[in-house]
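Beneath this line is the structure, given in structure tokens, with notes to follow.
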Amino acid sequence: MKAIVYEEYGSPDVLQLKEVDKPAPKNDEVLIKIYAAAVTAGDAIVLKGEPFVTRFATGLLKPKNTIPGKEMAGRVEAAGENVTQFQPGDEVYGDLSVAGWGAFAEYVSVPENAIALKPANLTFEQAAAVPESAVVALQGLRNKGKIQPGQKVLINGASGGVGSYAVQIAKALGAEVTAVCSTRNTDMVRSLGADHVIDYTQENFTQNGHRYDLILAANGYHPISDYRRALCPEGTYVATGGSMAQSLQATMLGPFISMTGSKKMGGMLVRPNQNDLVFLKELIEGGEVVPVIDRYYPLSEIAEAFRYIGEGHAQGKVVITVEQNSK
Ligand SMILES: NC(=O)c1ccc[n+]([C@@H]2O[C@H](COP(=O)([O-])OP(=O)(O)OC[C@H]3O[C@@H](n4cnc5c(N)ncnc54)[C@H](OP(=O)(O)O)[C@@H]3O)[C@@H](O)[C@H]2O)c1
């Protein structure tokens, strides 16, 4: 099969399209014919192996898993004898970052609990744009942020891969949503259901006097003290992404701030799991969440997709089509 392979950390130039063995499913695995995948900001970190600390998970000197890629959608081609949930022909999607990676290929074999049936109303390309980004948004808002209907929720970085889901999921969970993005994305985030839009090139939401019950920082940077000021007295701040300084402040200072007052602040790492994929499938099939796709690249041009993601200005998601399988 064709696969994207990287044997050293580096720029997108280290990605090579190669012919490799098609994987055989173990007893508890399914073999998936991949139709589409997505490149995320997280994939770019894994490709570079920077910050260095990430290599404790991905391999200290060189990548442990040489076929990268985590978000994918495809069709089950074969199932191991202990597989109970899936059968050949099922259309599935998943985040393979805890299942050996390997989404940038024509086939992958993964444990069945890494995947779920894909939303029936999505194409493979749309479904591949969901699994990690939407789960980050969901876990940030629901698990860490304890979002409640009627709350005032602000999403910083609302136009990116994670933020575009966060706006829609917060609306689906009954919040009044303020989306923060730049001028060119204001119409897009409004179309996703945002009740209020703040253009960060015109206005600093941490200084306009408004207060929020929950702030999800999907991208950008503000000092944690500014986020604290923008919270209601019992408010919660969750940083799922953004600049390194933003993530570090949330992780290191957030717990102390939470102990010394009524505001809760902290960071979050996504935990991929099947239940959340099923939950999202229902929201998507109910029409409450729709993937926003900025660009499509064929597998053979994946380095270009990484370069584009590396610029940090994607409007929604960047999808990879596995052209050989789509024909
Ligand atoms: N915690 C976790 O487990 C986890 C999991 C996945 C991802 N992440 C992290 O989450 C972050 C976001 O991921 P993503 O996929 O959403 O990234 P992305 O799609 O690459 O984000 C790009 C978007 O961010 C917007 N943006 C850039 N600078 C901004 C600023 N200063 N203020 C507001 N918006 C800004 C851009 O809009 P403009 O160009 O218009 O500014 C663009 O639409 C990344 O840092 C990623 O590493 C964390």
Side-chain angles (χ1 to χ4, degrees), residues 37-48 50-51 53-54 57-58 69-71 95-98 128-141 143-145 154-169 178-190 192 194 197-206 215-223 226-227 230 237-251 254 266-273 276 291-295 305-319:
V39 177
T40 69
D43 288 311
I45 290 172
V46 169
L47 174 67
K48 271 199 217 150
E50 287 172 12
V53 66
T54 59
T58 60
K70 53 190 167 186
E71 291 188 310
D95 170 358
L96 310 186
S97 59
V98 286
V130 175
E132 190 207 39
S133 298
V135 170
V136 175
L138 175 65
Q139 293 182 356
L141 291 165
N143 302 17
K144 186 91 180 171
L154 179 137
I155 313 294
N156 190 24
S159 54
V162 174
S164 57
Y165 286 112
V167 170
Q168 299 180 77
I169 293 169
T178 300
V180 181
C181 63
S182 69
T183 315
R184 68 192 184 118
N185 291 313
T186 53
D187 288 345
M188 186 259 268
V189 298
R190 219 171 259 120
L192 299 178
V197 178
I198 295 176
D199 177 347
Y200 72 76
T201 68
Q202 305 296 319
E203 184 181 344
N204 181 342
F205 72 86
T206 68
I215 297 177
L216 184 107
N219 218 333
Y221 172 74
H222 287 281
D226 286 7
Y227 280 116
Y237 163 71
V238 181
T240 60
S243 74
M244 186 57 67
Q246 178 158 290
S247 300
L248 281 177
Q249 289 173 15
T251 312
M268 191 211 83
L269 272 184
V270 66
R271 291 171 186 267
N273 71 83
D276 286 347
V292 177
I293 299 178
D294 179 351
R295 292 186 181 191
F306 269 89
R307 285 187 194 101
Y308 181 61
I309 275 288
E311 291 168 11
H313 298 293
Q315 297 172 291
K317 299 282 300 178
V318 174
V319 166

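Note that ligands are numbered from 1 as they come in the structure, with each ligand's atoms numbered from 1 the same way.
Within a 6.0 Å radius of CZ in Arg271, no more than 12 heavy atoms belonging to other residues, nucleotides or ligands are found.
Residues meeting the side-chain contact (heavy atoms from CB on, under 4.5 Å) test with Glu203, sequence neighbours left out: Ile198, Asn208. Annotation: side-chain contact (heavy atoms from CB on, under 4.5 Å) contacts of Val98 (sequence neighbours excluded): Pro272.
The protein heavy atom nearest to atom 39 (O) of ligand 1 is His313 ND1, 2.4 Å. Of the protein's non-hydrogen atoms, the one nearest atom 34 (N) of ligand 1 is Gly157 CA, 3.3 Å.
At a heavy-atom distance under 4.0 Å, atoms from both the backbone and the side chain of Val162 approach ligand 1. Contacts between Ala158 and ligand 1, counted as non-hydrogen atom pairs separated by less than 4.0 Å, are absent for every part of the residue. When non-hydrogen atoms are compared, ligand 1 lies under 4.0 Å from the side chain of Arg184 (C-beta onward) but not from its backbone.
When Asn185, Thr240, Ile198, Val135 are checked for heavy-atom proximity to atom 8 (N) of ligand 1, Thr240 turns out nearest. Comparing Gly316, Gly241, Gly310 by heavy-atom distance to atom 10 (O) of ligand 1, the nearest is Gly241. Counting only non-hydrogen atoms, the option in Ile155, Val270, Asp43, Ile309 that gets closest to atom 3 (O) of ligand 1 is Val270.
Contact of the Asn204 side chain with the His222 side chain is registered, since non-hydrogen atoms from C-beta on lie closer than 4.5 Å. Between Lys70 and Pro131, every side-chain heavy-atom pair lies at or beyond the 4.5 Å cut-off.
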